[in-house]
There are 2 protein chains.
Amino acid sequence: MARPRAFDEKQVLNAVRDQFWDAGYAATSLADLMRVSGLGKGSLYAAFGDKRQLFLRVLTSYTDELLGHLREALAEAPRALDALRTLLDAPIDDSTGAGPRRGCLMANSTCELGNADPDVLDHAHRTYEASTALIADCAARAQREGDLPAEADPIALARALLAAQQGLVFMSRTGLDTATLTATARSLAAQLLPDHTGG
Amino acid sequence: MARPRAFDEKQVLNAVRDQFWDAGYAATSLADLMRVSGLGKGSLYAAFGDKRQLFLRVLTSYTDELLGHLREALAEAPRALDALRTLLDAPIDDSTGAGPRRGCLMANSTCELGNADPDVLDHAHRTYEASTALIADCAARAQREGDLPAEADPIALARALLAAQQGLVFMSRTGLDTATLTATARSLAAQLLPDHTGG
DNA sequence: GGAGTTCTTGACCGTACGGTCCACCATAAG
DNA sequence: CTTATGGTGGACCGTACGGTCAAGAACTCC
């Protein structure tokens with residue numbers, strides 16, 4: 001093993017991810033990556049390859065975590081309908097956090113690089129298809145639990161929810177105040193996931 | 001007036017806008033702008049200032065046009081409800097066009113530059129507030145025409161529609177096939193703008 | 001036609017970028 | 001202690017970028 005690494009790989013990847021997340025791909029320079037990681041150029045290149053490779057690696061681990069958390073959250077909720085409603089709260093969390101509103105790294109990357117980098121586009125497509133499948137499973141459970149009309153299409157509902165969520169994320173990025181954002185999320189949730197038992 | 005300009009300003013601005021729209025701000029170089037405009041560096045700088053000024057000018061004229069078209073479309077529709085439903089078709093048009101799916105220039109710019117450039121963020125905020133107001137007016141008309149429940153809040157509905165639209169635009173950018181995108185748009189329209197008279 | 005003014009072209013500049021390389025260092029094995 | 005191996009840090013490189021400038025061209029006015 002010779003000389004051991006002086007850095008924690010996960011820590012470095014998290015720092016790099018945050019940098020790309022805050023500033024985007026093009027606006028992040030190698031100097032930025034060196035600063036946030038605390039590594040020299042040589043170490044960075046030896047460990048992760050060039051800027052694009054590092055970015056793709058960070059992007060992949062980001063979506064892996066995202067899908068993992070989504071799977072957990074949807075599976076663990078006692079009531080599936082509540083889990084679906086929670087999906088629309090994610091943008092609110094982004095707006096209330098301390099730092100800048102940075103939305104979703106995958107969405108930002110798709111906007112910035114989707115037309116220029118087929119790998120990124122493909123990754124985006126796969127990620128959102130996977131999300132749709134997870135959400136659709138949860139919607140089907142909500143149907144079984146009697147909280148959603150049985151005749152609804154779970155996949156269609158999943159796509160509608162995902163679209164609403166991404167739209168909210170974007171509105172958060174425009175600087176919409178948290179109260180209005182929250183009200184809009186509630187409004188969308190009420191219309192896309194109405195209380196079925198009461199009606 | 002001395003020597004007259006050899007280019008049409010509007011034509012140049014449109015070409016530049018398309019370039020920024022396709023590639024984004026950072027990924028567009030001055031060489032790109034020279035190529036698509038047919039102008040030399042000197043002419044570009046003399047006529048429009050530096051890259052950022054040119055970009056902001058293009059962005060402003062883009063949103064001016066956008067709001068103008070929106071105002072027209074919403075006002076001219078015989079039935080307000082139909083105009084509101086048409087809002088969700090815009091992302092479909094983007095997906096069926098010949099070129100790459102490039103979404104909305106204002107949205108792309110907000111994602112890329114919103115955190116770094118307060119001017120862009122402010123412009124985005126104002127633009128979407130203006131859009132919301134226009135859509136809310138149309139929703140109010142739909143209420144007067146008996147196509148929307150009178151107790152609904154037009155502004156809240158406008159924000160929900162705008163969020164849904166932006167979400168659909170984003171899903172189009174991930175490469176979602178047109179049929180699925182269309183189905184999702186129809187699904188969202190059905191839930192956000194249900195047929196009130198029939199139900 | 002001469003003067004004045006604006007536009008055009010492209011050479012030029014400084015800089016900051018992504019990427020490479022190498023001398024040095026810290027550890028493990030023998 | 002010696003040697004081998006991989007890690008580190010920073011000097012270095014070529015390039016492409018955004019931006020400036022000056023010389024000449026095209027036009028108007030007198």
Side-chain angles (χ1 to χ4, degrees), chain A residues 1-60 108-109 112-113 115-120, chain B residues 1-60 108-109 112-113 115-120:
Chain A
M1 272 294 180
R3 179 174 177 175
R5 283 183 172 171
F7 64 90
D8 178 61
E9 189 168 301
K10 222 165 202 170
Q11 222 169 333
V12 165
L13 286 174
N14 281 345
V16 165
R17 179 203 61 197
D18 286 340
Q19 173 60 36
F20 279 129
W21 203 343
D22 285 335
Y25 178 77
T28 293
S29 69
L30 279 187
D32 291 327
L33 297 177
M34 290 166 64
R35 181 175 40 80
V36 301
S37 68
L39 295 181
K41 273 192 192 181
S43 303
L44 224 42
Y45 271 80
F48 306 105
D50 66 13
K51 184 185 173 185
R52 181 168 177 274
Q53 288 175 312
L54 175 53
F55 176 75
L56 289 178
R57 168 144 183 195
V58 159
L59 193 60
T60 301
N108 298 350
S109 306
E112 183 183 354
L113 305 170
N115 283 342
D117 190 329
D119 289 346
V120 171
Chain B
M1 269 295 178
R3 178 172 178 173
R5 283 184 171 167
F7 63 90
D8 179 62
E9 189 168 303
K10 221 166 203 170
Q11 221 169 335
V12 165
L13 287 175
N14 282 345
V16 164
R17 178 203 61 198
D18 286 340
Q19 172 61 36
F20 279 130
W21 203 343
D22 285 334
Y25 178 76
T28 292
S29 70
L30 278 188
D32 291 327
L33 297 177
M34 290 166 62
R35 181 174 41 79
V36 301
S37 68
L39 296 181
K41 274 190 191 182
S43 300
L44 271 178
Y45 271 80
F48 306 106
D50 66 12
K51 184 184 174 186
R52 181 169 176 275
Q53 288 175 309
L54 175 54
F55 175 75
L56 289 178
R57 168 143 181 197
V58 158
L59 193 60
T60 301
N108 299 349
S109 305
E112 182 182 355
L113 305 170
N115 283 343
D117 190 331
D119 289 345
V120 170

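Every chain is numbered from 1, with letters handed out A, B, ... down the list of sequences. Atom set for the values below is all heavy atoms of this structure, side chains included, hydrogens, waters and symmetry mates excluded.
In this structure, A/Y45 places its OH atom 16 Å from C1' of D/dT8, rounding to the nearest Å. Distance A/F55 CZ to C/dG18 C1': 16 Å, rounded to the nearest Å. The distance from atom CE of B/M34 to atom P of D/dC17 is 11 Å, rounded to the nearest whole Å. As a whole-Å value, the separation of A/D50 CG from D/dG14 P is 20 Å. In this structure, the CZ atom of B/F48 is 17 Å from the P atom of D/dG18, given to the nearest Å. Spacing between atom CG of B/L30 and atom C1' of C/dT15 amounts to 14 Å, rounded to whole angstrom units. Whole-Å rounding puts the B/L44 CG to C/dC7 P distance at 13 Å. As a whole-Å value, the separation of A/R35 CZ from C/dC17 C1' is 15 Å.
Summarising the geometry, atom CG belonging to B/L33 is positioned 9.0 Å from atom OH belonging to B/Y45; distances are rounded to the nearest 0.5 Å.
Between A/F55 and A/L113, some side-chain heavy-atom pair lies under the 4.5 Å cut-off. A/V12 is listed as a side-chain neighbour of A/F48, based on a closest heavy-atom distance under 4.5 Å.
When the side-chain nitrogen and oxygen atoms of A/R3 are compared with OP1 and OP2 of C/dC25, none of them lie within a distance under 4.0 Å.
Of the candidate nucleotides D/dC17, C/dC17, C/dC7, C/dC7 has the atom nearest to the side chain of B/R5. Taking the side chain of B/S43 as heavy atoms from C-beta on, and the options C/dC17, C/dT9, D/dT8, the nearest nucleotide is C/dT9. Ranking D/dG18, D/dG9, D/dC12 by closeness to the A/K41 side chain, first place goes to D/dC12.
Among the heavy atoms of the strands, none lies under 4.0 Å from A/A47.
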Handout entry: Stepwise side-chain contact (heavy atoms from CB on, under 4.5 Å) test for A/D18 and A/V36
Key = CA-CA 9 Å; A/D18 286 340; A/V36 301; over 6 Å; no
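With hydrogens and angles ignored, no donor-acceptor pair under 3.5 angstrom links the side chain of B/K51 to the base of D/dG19.
The side-chain tip of B/K51 does not point at the ring of B/F20 from less than 6.0 angstrom away and within 45° of straight on.
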